[in-house]
Amino acid sequence: VLQSNIFEFAGNNNSGNWEISTIQPIIGDPLPAASFLKIQQAGIANVEKDSVWSLKGFTSNLRYAEKAEKEKLQVLHAELGKTTATLAALIPIRKNDAWWALAQDERRKIFESTSKHTETGLKYLPAIARKLYHCRDIGQPFDFLTWFEYAPAYVNQFEELVFTLRQTEEWKYIDREIDIRLKRSNFFLI
Ligand code: HEM
């Protein structure tokens, strides 16, 4: 069976596997308020009909990680869906035209040599479980949907991590970023 690697993140006011605590625009236009988030495998068409907003992204191969980094990421990797990880963050991000006009090696330089994105992020593994979705190539309002799950004990570490990344050279190329915080919901109706 061929399974879609496209996922739909639907904000709605009825039910969802995650309850939305806050939606904070960090850079650029905001997203409307919603109470719950449903995440599900989808095709290009929306599954959810009653959503306030619906964002889609697909899983893909690595672009920038080099062999040694990839190995460290695999060793420290944390699975999503742990019952102790009751908190989550969905951070949709768009990068500007200047970023996309760069060559791959120039982007890698900014991403890692200058900004140390992976080196910094690795310090927070396996406390933070993460998954990156791409969406630039499917006509979405963002280029990436970034997803993180963690236990309440790691709230401060997560804040420190996002604070650190937002000071980097890489972030100068971000022209839209929304920080959505969530907690596992008791109101999940299919
Ligand atoms: C939890 C620790 C983190 C680790 C270990 C980590 C690691 C990585 C790695 C290795 C990539 C590149 C994948 C590739 O080779 O294509 C990546 C991409 C990305 N990460 Fe992180 N990251 C972390 C946290 C974060 C956070 C907190 C944010 C947002 C606030 C974020 C936003 C992104 C974005 C937007 C990309 C895509 C960049 C691009 O392709 O231009 N990451 N991350």
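In each ligand, atom 1 is the first atom listed, and ligand 1 is the first ligand listed. Source: prediction; values computed, not measured.
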Give every pair made of an N or O atom of ligand 1 and a protein N or O atom lying under 3.5 Å apart, one pair per line with both atom names and the distance to 0.1 Å, or write 'none'.
residue: ligand 1; atom: 15 (O); partner: R63; partner atom: N; Å: 3.1
residue: ligand 1; atom: 15 (O); partner: Y64; partner atom: N; Å: 2.7
residue: ligand 1; atom: 15 (O); partner: A65; partner atom: N; Å: 2.7
residue: ligand 1; atom: 16 (O); partner: R63; partner atom: N; Å: 2.5
residue: ligand 1; atom: 16 (O); partner: Y64; partner atom: N; Å: 3.3
residue: ligand 1; atom: 20 (N); partner: H117; partner atom: NE2; Å: 2.9
residue: ligand 1; atom: 22 (N); partner: H117; partner atom: NE2; Å: 3.1
residue: ligand 1; atom: 41 (O); partner: K95; partner atom: NZ; Å: 2.7
residue: ligand 1; atom: 42 (N); partner: H117; partner atom: NE2; Å: 3.0
residue: ligand 1; atom: 43 (N); partner: H117; partner atom: NE2; Å: 2.9
residue: ligand 1; atom: 43 (N); partner: R130; partner atom: NH2; Å: 3.2

Check your understanding: Would you call the rings of F148 and F158 parallel, tilted or perpendicular, where under 30° means parallel and over 60° means perpendicular?
Key -> tilted

Exercise for review: Measure from the ring center of F9 to the ring center of Y133 and say whether it is less than 6.0 Å.
Suggested key: yes

Check your understanding: Where do I39 and N17 come nearest, in terms of heavy atoms and distance?
Key -> N-OD1, 3.4 Å

Practice item. May I ask you to check if K95 and F142 form a cation-pi contact, with NZ or CZ under 6.0 angstrom from the six-membered ring centre and within 45° of the axis? Key: no

Point to revise | Side-chain (N12) to main-chain (S15) donor-acceptor, under 3.5 angstrom | key: yes

Practice item. Could you state whether V155 and L165 fall into the same hydrophobic cluster, counting links through intermediate Ile, Leu, Val, Met, Phe, Trp or Tyr residues with side-chain heavy atoms under 4.5 angstrom apart? Key: yes

